[in-house]
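Values in this document were obtained by computation on a predicted structure and should not be read as measured data. Sequence lines set the chain letters: A, B, ... in the order given, protein chains first and strands last, and positions in each chain run from 1.
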Amino acid sequence: MPEGPSLVILREQAAGFAGQTIVRAEGNTSADKKRLEGQRIVAVRTWGKHFLVELPHFALRIHFLLFGSYRVNERKDHSPPRLSLQCDSGDELNFYTCSVKFIDEPLDAVYDWQADVMSDAWNPALALKRLRAAPDTLACDALLDQDVFAGVGNIIKNEVLYRIRVHPLSTVGALPAAQLRALVAQARQYSFDFLAWKKDFVLKQHWLAHRQSVCRRCDLPLTKATLGKTRRQSYFCSHCQRLYSDAPRAAAPGG
DNA sequence: GAAAATGTTATCAT
DNA sequence: TATGATAACATTTT
């Protein structure tokens, strides 16, 4: 469930919890649940893959990592919740297999909302600037960098690179300006496509690269490989996706 | 039933 | 000390 668009769906489902007061907090988290009881929820927010429950003097941060899940006004049958928030109205939010943390600083001091691809505050010019500051970064790693593209995960990474026909091992600095702009634009555009498709339960059928075996453009088999510093699976067409890379420079003679 | 997977962080090694 | 690779964690689907 963890990419940014999925968190937006959770935020929308949980919007009605704003204004409610937490009367009971249970679960197997080691976090101090008592601290949550009696707190009035100021807002439910997201930043990238983070789900934030803003309280008057601190915030609760839920991160679902790879396997996390949640239920709104329901419970899973078998697994115990990591954290269950029960409100005065009887509504409850249940989180499973997730990371639970408290944030004691103001959220605006912790989060750069302009880096969140799902946010109204998303700033593509800032993403471009950050990419240009690290020209040796591989495209497959750049898209997963949460400081640049908060909310982008492995699915979005693979689909964006396929869309813009860029090989995952291309370096950011070697991309023509138009391709770099397209990478930034599609990181956001695909994320919103993802959101719409996920809401309609048709996300997977729109995958063109991720976990696919054949390129729908040229009919050649797609390549699957663990690439980059992030060591995540890339799915790509080595025929349709162009590799942009600076030629390795020979060492300067004489030292 | 093994393997892989929408991810991050702690730990070890250099 | 800082950087980078590896391990650890944990659940559902293929």
Side-chain angles (χ1 to χ4, degrees), chain A residues 1-13 27-31 46-52 60-71 74-84 94-103 110-112 115-118 133-134 136-138 140-163 168 171 186-214 222-236:
Chain A
M1 101 124 252
E3 297 195 38
S6 300
L7 272 285
V8 169
I9 292 171
L10 164 57
R11 188 185 71 210
E12 291 175 354
Q13 291 176 345
N28 60 20
T29 177
S30 58
T46 57
W47 179 85
K49 301 165 188 170
H50 298 207
F51 180 67
L52 303 166
L60 169 68
R61 190 205 82 170
I62 302 289
H63 198 302
F64 294 98
L65 297 131
L66 206 47
F67 307 126
S69 59
Y70 67 90
R71 294 290 186 276
E74 287 178 24
R75 297 186 182 201
K76 293 181 93 168
D77 286 337
H78 301 296
S79 49
R82 176 69 36 86
L83 180 64
S84 172
N94 297 306
F95 304 105
Y96 303 86
T97 6
C98 55
S99 156
V100 175
K101 279 176 82 167
F102 295 129
I103 297 176
V110 176
Y111 291 108
D112 179 359
D116 178 358
V117 295
M118 301 308 293
D136 296 335
T137 308
L138 300 178
C140 59
D141 287 335
L143 279 162
L144 292 175
D145 186 339
Q146 299 300 294
D147 292 333
V148 182
F149 298 109
V152 168
N154 207 38
I155 297 172
I156 296 171
K157 174 198 82 177
N158 284 321
E159 295 296 323
V160 166
L161 291 175
Y162 184 83
R163 248 187 200 187
T171 57
Q186 287 303 321
R188 180 167 167 94
Q189 181 58 54
Y190 187 86
S191 295
F192 278 86
D193 291 343
F194 181 127
L195 173 63
W197 289 330
K198 175 135 185 149
K199 284 180 172 177
D200 287 343
F201 306 102
V202 295
L203 176 64
K204 286 183 190 176
Q205 54 191 269
H206 284 88
W207 288 349
L208 297 176
H210 190 258
R211 296 208 214 171
Q212 304 305 297
S213 52
V214 175
L222 292 177
T223 304
K224 173 186 174 183
T226 302
L227 301 181
K229 285 195 297 192
T230 46
R231 309 295 293 161
R232 304 297 304 280
Q233 293 290 343
S234 283
Y235 295 80
F236 59 98

Do A:Phe51 and A:Tyr70 make the cut of ring centroids closer than 6.0 angstrom? no

Before accepting this row, confirm whether a basic side-chain N of the pair A:Lys199/A:Glu12 lies closer than 4.0 Å to the acidic partner's carboxylate O. yes

Nearest of C:dA10, C:dT12, B:dG7 to any side-chain atom of A:Ser79? C:dT12

A:His63 vs B:dG7: side-chain N/O to OP1/OP2 distance below 4.0 Å: no

Report the distance from atom NZ of A:Lys49 to atom C1' of B:dT9, rounded to the nearest whole Å. 14 Å

Strictly below 4.0 Å: does A:Lys229 bring a side-chain N or O up to OP1 or OP2 of C:dG4? no

Main-chain N/O of A:Asp112 paired with A:Trp47 side-chain donor or acceptor, under 3.5 Å: yes

Side-chain N or O of A:Arg211 versus OP1/OP2 of B:dT6: is the shortest distance under 4.0 Å? yes

Are the side chain of A:Arg82 and the backbone N or O of A:Cys98 linked by a donor-acceptor pair below 3.5 Å? yes

In whole angstroms, the gap separating C1' of C:dT6 from CZ of A:Arg231 amounts to 10 Å

Toward the 5' end of DNA chain C, which comes first, A:Arg82 or A:Lys204, by nearest nucleotide? A:Arg82

Which whole number of Å gives the distance between the C1' atom of B:dT9 and that of C:dT12? 22 Å

At under 4.0 Å, does any side-chain N or O of A:Tyr70 touch on OP1 or OP2 of C:dT11? no

Write down the partner of C:dA10 under the Watson-Crick or G-U wobble criteria, each distance required to be under 3.5 Å. none

Quickly work out the A:Leu7 CG to B:dG7 P distance and round it to whole Å. 11 Å

Under 4.0 Å between a side-chain N or O of A:Arg232 and OP1 or OP2 of B:dG7? yes

Please name the residue in the list A:Ser84, A:Ser79, A:Ser69 that meets the side-chain hydrogen bond (donor to acceptor under 3.5 Å, both in side chains) test with A:Asn94. A:Ser84

Which nucleotide sits closest to the side chain of A:Lys224: B:dT8, B:dA4, B:dT6? B:dA4

B:dA5, OP1 or OP2 - any side-chain N/O from A:Lys157 closer than 4.0 Å? no

Provide the closest heavy-atom pair for A:Leu144 versus A:Val152 in the form atom of the first, atom of the second, distance. CD2-O, 4.1 Å

Can you tell me the distance, in whole Å, between the NE2 atom of A:His210 and the C1' atom of C:dT14? 13 Å

With the side chain of A:Phe67 defined as its heavy atoms from C-beta on, choose the nearest nucleotide among B:dA5, B:dT6, C:dT12. B:dA5

Hunt down the Watson-Crick or G-U wobble partner of B:dT11, both distances under 3.5 Å, from any strand shown, or write none. C:dA5

What integer distance in Å separates A:Asp147:CG from B:dT8:P? 11 Å

Nucleotide of B:dA5, B:dT8, B:dT6 approaching A:Tyr235 most closely (side-chain heavy atoms): B:dA5

Across the strands shown, which category fits A:Lys76 at heavy-atom distances under 4.0 angstrom: base, sugar-phosphate, nothing? sugar-phosphate

Within the pair A:Gln233 and B:dA4, is there a side-chain N or O less than 4.0 Å away from OP1 or OP2? no

Expressed in angstrom and rounded to an integer, what is the separation of A:Phe64 atom CZ from B:dT9 atom P? 15 Å

